Amino acid sequence: MKAGVDFTKSAEWSKQEALSQYLIDRWGAGYFNIDENGNMVVYPLQEQGAGISILEALQEALEEGLRPPLLIRFQDLLRHRVVVLNEAFKAAIEEHQYRGIYRGVYPIKVNQLHEVVEEILDAGRPYSMGLEVGSKPEMFAALSVHNDPEALIICNGYKDEKYIRMALLGRKLNKKVIIVAEKLSEVEKTIQVAREMQVEPLIGLRIRLAAKGAGRWARSGGEHAKFGLTTSEILMALDLLEESGYLPSLKLLHFHIGSQIPDILNIKSAVREASRYYSKLYKMGHQLEYLDVGGGLAVDYDGSRSTFHSSMNYTLEEYAQDVIYNIMDICDQEGVPHPNVISESGRAIVAAHSVLVVEAFGSIRKSPTGTCELPTEDHKLIQDMLYTESHLTAENLTESWHDVVQVRQESEKMFELGLLDLKVKASVEMLYWRIVEEIQRQSQLIDESELPEELLELDWQLAEQHICNFSVFQSLLDHWALGQLFPIAPIHRLNEKPAAESTLVDITCDSDGRVSKFIDTADVRETLPLHSVQDNQPYYLGIFLTGAYQDIMGDIHNLFGRVNEVHIFLDEDEESGFYIEEKIPGNSISDVLAMTQYDSRELIKRLKAQIDAAIKADLLRPNEGMKLLSFYEQGLAGQTYLEID
Ligand code: PLP
């Protein structure tokens, strides 16, 4: 049997079949499951807490007037990730009797939303979790929301004088703000501004390691990296600090070899190389306090637990163990004290906490839906098709496939030359898809290893397209730009067998606005089994693990703006087990127009002038004109996505 759903069997589907079809039990990591009604459930605290039906959460949001596309944030899940990360480092430190402490910092760039950052800081308070910033605006945000004197603010990214001044203002407020120099000139600038402000800076150096990551973000590491100091630049930085009397301010060594590092071996070798730098510097008399291992802790988007770019071959616990053990191993070899360890994990904290729910409101089939009547006057091409159809057997599937392809090609050539009328062309196409569907049906009953590649591709050839009310460019930018895979599954009807293989297309006018690569444990799937969209019944899909980077990087292609959003908390006193703590309506049409310099009042004024002129010219009755104007005015306040009834 071919892998995937056997569409030929009965319509019932077990929970186990659905779990393994959409790999929920793999990427779900204990946070996602299916209930007895076939609905997706989120367990924000894994097995230690109750579940929330995503469909119920959506229904509650609908009652509040928020339609899909809807981003649902599970705040308890976010908090849980913070605890899991910090506890993993705590356990590793205890197990290895490591003599330094762990201080996590959350890199704001991964999801800057105020509520997300506040929630992380709140959940991380017992661990003095801090923040990492990579730009001046992020610095401004961090300085204000950070309020634990023990928690760090790590300043990465290229810096101008104002950025450095702002960081040093934090020092004046007794905050542990560490300026990490990405290049030599930042060391000079920091010394200069610190001297002027008469404040003691805390300085770090980013090292450019030879070790590299792998996968989509590998270029962040290695000698072609955009950031960091070479070994000789580090020595120059030390000279600069010594000459200026600021050597005691040097506290930290930092590296970052890229996000989403799928292979633990890359992490281990980077940690070992950086620990060697730390040890050598320490032995030169520089009493550094911190080693910052950057980000890179991956998320297993496809659940394959492999070194594929959408996956990872290690767990969060193994990551913490390996970071701690390898630093300790090198420091012990070199006979230097264990540094305090900082990690800047972003993706691993925020990815799982948000789910984007989109509505599929129609589908496009390749095979014609209605049956078209064959022309009475039988054409040779039609005869050939009918012959192939009547002689089709399990033994001649490939041959039949070749025959229908040839007849179709002939029909296309004849049409080009003006030798075929539309009726015959339509009949040939209709027969082609009918026969191909039958070939595909029969090939599904044959072991995949015995099928030629051409027939294996029929699933893709015949795949439908579900039209979904969202924009890939706004909500799934990394999929479009980098081919990053995200788990996608219906959030309901999971006790019903899907009807066909399909892909997703969005509502932008761009043909790139689609999702046609899906997770798989062995490779990448080109289609996803989905249910048919039934008239008057909404069909909702969840796009999971979207909490990292996607929220902030989306653009307003076609002027589709930010989507509606709700933040949900578990609450055992509520009948549903949860409540919506925050509703954030998405951008209105006037919001996105304002982003592109259209002033709504001006737009209304200009349209009114045109309506007045049309009334004067007797093209519109005054009443009609005023209705049109108010429809326009009200529409500006409406949402940018389709309002599907
Ligand atoms: N630290 C730095 C310097 C980064 O550039 C990034 C992102 O690329 C991160 C931390 C966050 O990485 P991740 O999301 O993989 O944890």
Side-chain angles (χ1 to χ4, degrees), residues 78 81-82 84-86 88-89 103-113 116-117 120 124 129-135 138-139 142 152-159 163 178-183 186 204-209 211-222 225-229 252-264 266-267 270-271 274 290-301 309-312 314 316 319-320 323 341-354 477-478 481-482 484 486 545-553:
L78 187 57
R81 298 301 297 160
V82 171
V84 166
L85 178 73
N86 281 284
F89 271 98
R103 282 279 180 266
V105 288
Y106 168 66
I108 299 192
K109 69 174 95 38
V110 185
N111 192 324
Q112 291 101 334
L113 195 84
V116 170
V117 175
I120 291 171
M129 180 122 184
L131 295 170
E132 184 265 357
V133 296
S135 68
E138 288 182 357
M139 181 75 231
L152 300 166
I153 299 182
I154 302 291
C155 307
N156 291 325
Y158 291 133
K159 299 165 201 71
Y163 185 166
I178 306 185
I179 299 172
V180 180
E182 304 280 5
K183 52 192 178 83
E186 288 180 8
L205 300 177
R206 176 163 177 169
I207 31 174
R208 192 180 287 242
L209 296 182
K212 279 203 289 195
R216 297 271 184 250
W217 289 270
R219 276 186 302 172
S220 309
K226 192 168 130 184
F227 295 113
L229 284 78
L252 175 145
L253 214 52
H254 168 269
F255 74 87
H256 172 75
I257 58 164
S259 190
Q260 183 64 18
I261 299 170
D263 194 341
I264 191 70
N266 294 120
I267 292 170
V271 168
Y290 297 96
L291 182 59
D292 181 344
V293 300
L297 171 56
V299 167
D300 197 359
Y301 290 95
H309 62 77
S310 298
S311 186
M312 61 200 281
Y314 56 96
L316 182 147
Y319 171 82
V323 167
V341 178
I342 299 169
S343 82
E344 304 175 353
S345 295
R347 189 185 291 277
I349 292 181
V350 293
H353 91 285
S354 69
L477 202 74
D478 276 345
L482 298 163
Q484 198 198 320
F486 292 91
L545 312 186
T546 54
Y549 301 101
Q550 307 319 297
D551 278 356
I552 213 66
M553 292 199 309

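Sequential numbering from 1 along the given sequence is applied to the chain's residues. Whatever order the structure lists them in is the order used to number ligands and atoms, beginning at 1. It should be emphasised that the depicted structure is a prediction, and the values quoted were computed from it without experimental measurement.
- Those atoms of ligand 1 with a heavy atom of Asn156 less than 4.0 angstrom away are 3 (C).
- The atoms of ligand 1 that sit less than 4.0 Å from any heavy atom of Gly346 are 13 (P), 14 (O), 16 (O).
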Discussion item. Go through it in stages, so that I can follow the logic: the residues are Asp478 and Gln550, the test is side-chain contact (heavy atoms from CB on, under 4.5 Å), and I'd like the CA-CA distance, side-chain angles, deciding distance and then a yes or no.
Written reply: CA-CA 7 Å; Asp478 276 345; Gln550 307 319 297; 2.8 Å; yes
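- For the atom pair CD1 (Ile349) and CE (Met129), the distance works out to 3.5 Å, reported to the nearest 0.5 Å.
- In His256, the part holding a heavy atom less than 4.0 Å from any atom of ligand 1 is the side chain.
- Of all atoms in ligand 1, listed by their number and element, those nearer than 4.0 Å to a heavy atom of Arg347 are 13 (P), 14 (O), 16 (O).
- Taking any N or O of Gly296, backbone or side chain, at least one lies under 3.5 Å from an N or O belonging to ligand 1.
- Although no hydrogens or angles enter the test, the distance criterion places a donor-acceptor pair under 3.5 Å between the side chain of Glu138 and the main chain of Gly134.
- Checked against Leu131 for a side chain to side chain contact (heavy atoms under 4.5 Å, CB included), the options Ile154, Val105, Ile108 give a single hit: Ile108.
- Contacts with ligand 1 closer than 4.0 Å are made by backbone heavy atoms (N, CA, C, O) of Gln260 only, the side chain lying farther away.
- Residue contacts with ligand 1 for Pro107 involve side-chain atoms from C-beta outward but no N, CA, C or O (heavy atoms, distance under 4.0 Å).
- Every N/O-N/O distance between Ser345 and ligand 1 stays at or above 3.5 Å.
- Here's the thing with Ser259: one of its N/O atoms is less than 3.5 angstrom from an N/O atom of ligand 1.
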Worksheet entry | Residues Ile552, Asn111; criterion side-chain contact (heavy atoms from CB on, under 4.5 Å); working and verdict | CA-CA 6 Å; Ile552 213 66; Asn111 192 324; 5.7 Å; no
Worksheet item: Run the side chain to side chain donor-acceptor pair (under 3.5 Å) check on Glu344 and His254 step by step: do they pass?
Response: CA-CA 10 Å; Glu344 304 175 353; His254 168 269; 3.1 Å; yes
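- For ligand 1, the atoms lying closer than 4.0 Å to a non-hydrogen atom of Tyr549 are 7 (C), 8 (O), 11 (C), 12 (O), 13 (P), 14 (O).
- Partners of Tyr106 under the ring pair (Phe, Tyr, Trp, His ring centres under 6.0 Å) rule, at least two apart in sequence or in another chain, do not exist in this structure.
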